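One structure is given below, encoded as structure tokens.
Not measured: the values here are computed from a predicted model.
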Amino acid sequence: MVRKAEKKDLEILANLAILMWNNHSVNELIAEFSETISNGNSQFFLKYIGDIPIGFAQCQLRYDYVEGTKTTPVGYLEGIFIKDRYRNKGYANELLEACEIWAKDNGCLEFASDCEIDNIDSYHFHKAMNFTEANRIICFTKEL
């Protein structure tokens, strides 16, 4: 079962997200997700097997320019995660489909995403989900 996440699900979301974004704390993620859910331009979805949460996806509406797109707003996959032992069973596809339907229902004609240039697993996921690569960039910073 895939369902929309609500504020009451923040701890569940954070405990799943920390497995992917481990440079944050659970409390930081709860605070961030609470704000994100409240803004109205984002949606989280949870995937359950029985009563066990095994994955989530976060999508949002982007009104700024999104590489490779022509319309606005664009539905954007901000993150998607399935616990290791449940992977390769189509569950991420179910989450992605929920995000795409949500984006269409919110007026989007296009859907986009990104991944780190060295994240081969994410790259293969995106290709398997019929995303088309729009561009590759390397970002630079320096202290002033």
| query | Is there a salt bridge (charged side-chain N to carboxylate O under 4.0 Å, His left out) between Asp9 and Lys4 once you walk through the steps? | reply | CA-CA 9 Å; Asp9 300 311; Lys4 284 184 179 181; over 6 Å; no

| request: May I have all residue pairs that pass salt bridge (Lys or Arg N to Asp or Glu O under 4.0 Å) and include part of residues 68-78, sequence neighbours excluded? | output: Arg62-Glu78

| Heavy-atom donor-acceptor pair, Ser34 side chain to Ile30 backbone, under 3.5 Å | no

| said: Can you confirm whether more than 12 heavy atoms, excluding those of Asn88, are under 6.0 Å from its CG atom? | reply: no

| Beyond-backbone contact of Phe81 with Arg87, side-chain heavy atoms, under 4.5 angstrom | yes

| Taking atom CG of Leu13 and atom CG of Leu46, what is their separation to the nearest 0.5 Å? | 4.5 Å

| message | Just checking Phe111 against Tyr76, ring centres under 6.0 Å apart? | response | no

| said: For Phe45, give me all partners under ring pair (Phe, Tyr, Trp, His ring centres under 6.0 Å), at least two apart in sequence or on another chain. | reply: none

| message | Main chain of Glu32, side chain of Glu35: is a donor-acceptor contact present, judged purely on distance under 3.5 Å? | response | no

| Flag side-chain contact, heavy atom, 4.5 Å: Val74 against Leu61 | no

| task | Drop me the distance from Glu100's CD to Met129's CE, to the nearest 0.5 angstrom. | result | 9.5 Å

| task | Enter the distance from Asn106:CG to Gln43:CD here, rounded to the nearest 0.5 Å. | result | 9.0 Å

